[in-house]
Amino acid sequence: MSPLIAIDGPAGSGKSTVARTLAERLGLPHLDTGAMYRAVTLLAIESGTNPADGPACAGLAREMALQLGERVLLNGADATRAIRSERVDRAVSAVAAHPEVRQELVRRQREWGAAHGGGVVEGRDIGDVVFPQADLKIYLTAAATERVRRVRERAPATSERGREEAGRDLASRDSTDSNRAASPLKVPDDAIVVDSTHLSVAEVVEEVLSHL
Ligand code: DC
């Protein structure tokens, strides 16, 4: 049976790159649960739904057809880039704070786990809520200044202002994700904490593999 590896942590901690690399190394499927919250947020924006309206956002979540892979297919359309846009960045924490949205997405995540029998799953509540029985729980973190630097580097370099905003957005997203009532971002009791501030992706992956 394939192992289930949970990777949680804040934005800019290196979760996505590490999770993808780890999955490739181990030949396991990979699930980016942040992309699911982003997809619901994009649908809310496009349909004029208020991101603060929990029941309406949950309705969108229940109805959406979402395929995650190299490309993201949302209700039949390619949303790979759109789910990473600034407007989604700004609204996603509000959407992810609704218990009714989380309930539907957690249900889909567990369904994915049952269908694959294992894999590398990244998010904020994976080891704590979604798969408390995970074989390995990693909490990836990095110093705030380094996380801001990484997120700014990812932001479109169209203007210095865009990058400044990316840094501010990160701080406000972290704070909303960590202080919400429903499944806040926290270190699961039995997680191994890896600080990636001074580590390369390859070094983080080796560190994680050493615990498997
Ligand atoms: O990992 P990311 O930046 O793509 O996540 C986008 C947002 O979704 C982030 O604000 C936190 C939220 N999220 C969550 O609440 N639970 C998860 N399992 C994954 C993401």
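For ligands, and for the atoms within them, numbers begin at 1 and follow the listed sequence.
Near Gly34, meaning under 4.0 Å from any of its heavy atoms, are these atoms of ligand 1: 4 (O), 5 (O), 19 (C), 20 (C). Contact atoms of ligand 1 toward Ala96: 12 (C), 15 (O) (distance under 4.0 Å to a heavy atom of the residue).
Using a 4.0 Å cut-off between charged nitrogen and carboxylate oxygen, Asp125 and Arg102 count as a salt-bridge pair. Salt bridge annotation for Asp32-Arg20: absent, with no cationic side-chain nitrogen under 4.0 angstrom from a carboxylate oxygen. At a threshold of 4.0 Å, the pair Asp8-Arg124 does not count as salt-bridged, since none of the basic side-chain nitrogens sits closer than that to a carboxylate oxygen. A salt bridge links Glu104 with Arg107: the distance from a Lys NZ or Arg NE/NH1/NH2 to an Asp or Glu carboxylate oxygen falls below 4.0 Å.
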*Does the side-chain contact (heavy atoms from CB on, under 4.5 Å) test come out yes or no for Leu31 and Val120, once each step is laid out?*
CA-CA 6 Å; Leu31 179 64; Val120 181; over 6 Å; no
_Derivation and outcome, side-chain contact (heavy atoms from CB on, under 4.5 Å), residues Val40 and Met36_ = CA-CA 7 Å; Val40 178; Met36 301 172 76; 5.9 Å; no
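Any N or O atom pair closer than 3.5 Å counts here, and Asp32 shares no such pair with ligand 1. Considering backbone and side-chain atoms together, Glu122 places no N or O closer than 3.5 Å to any N or O of ligand 1. Between Ser93 and ligand 1, an N or O atom pair is found at a separation short of 3.5 Å.
Taking each of Asp125, Thr41, Thr176 in turn, the one with a heavy atom nearest to atom 18 (N) of ligand 1 proves to be Asp125. When the options Lys15, His98, Met36, Arg124 are ranked by their closest heavy atom to atom 2 (P) of ligand 1, first place goes to Arg124.
Annotation: salt bridge (Lys or Arg N to Asp or Glu O under 4.0 Å) contacts involving residues 138-149, sequence neighbours excluded, comprise Glu146-Arg149, Glu146-Arg150, Arg147-Asp174, Arg149-Glu153.
Here the protein heavy atom with the shortest distance to atom 10 (O) of ligand 1 is Asp177 OD2, 2.9 Å. If you check which protein heavy atom lies closest to atom 8 (O) of ligand 1, you get Tyr37 CB, 3.6 Å. Of the protein's non-hydrogen atoms, the one nearest atom 19 (C) of ligand 1 is Thr33 OG1, 3.3 Å. In this structure, atom 3 (O) of ligand 1 lies nearest to the protein heavy atom Arg173 NH1, 2.9 Å. Looking from atom 4 (O) of ligand 1 to the surrounding protein, the closest heavy atom is Arg38 NE, 2.7 Å.
Across all non-hydrogen atoms, the minimal contact from Trp112 to Gly119 is CH2-CA, 4.2 Å.
Contact annotation: Ala11 has no heavy atom less than 4.0 Å from any atom of ligand 1.
Heavy atoms of Arg102 found under 4.0 angstrom from ligand 1 belong exclusively to the side chain. Only the side chain of Arg180 comes within 4.0 Å of ligand 1, judged by heavy-atom distances.
Between the side chains of Asp195 and Thr141, no donor-acceptor pair of N or O atoms lies under 3.5 Å. When only modelled atom types and interatomic distance are considered, Ser16 and Glu122 share a side-chain donor-acceptor pair under 3.5 Å.
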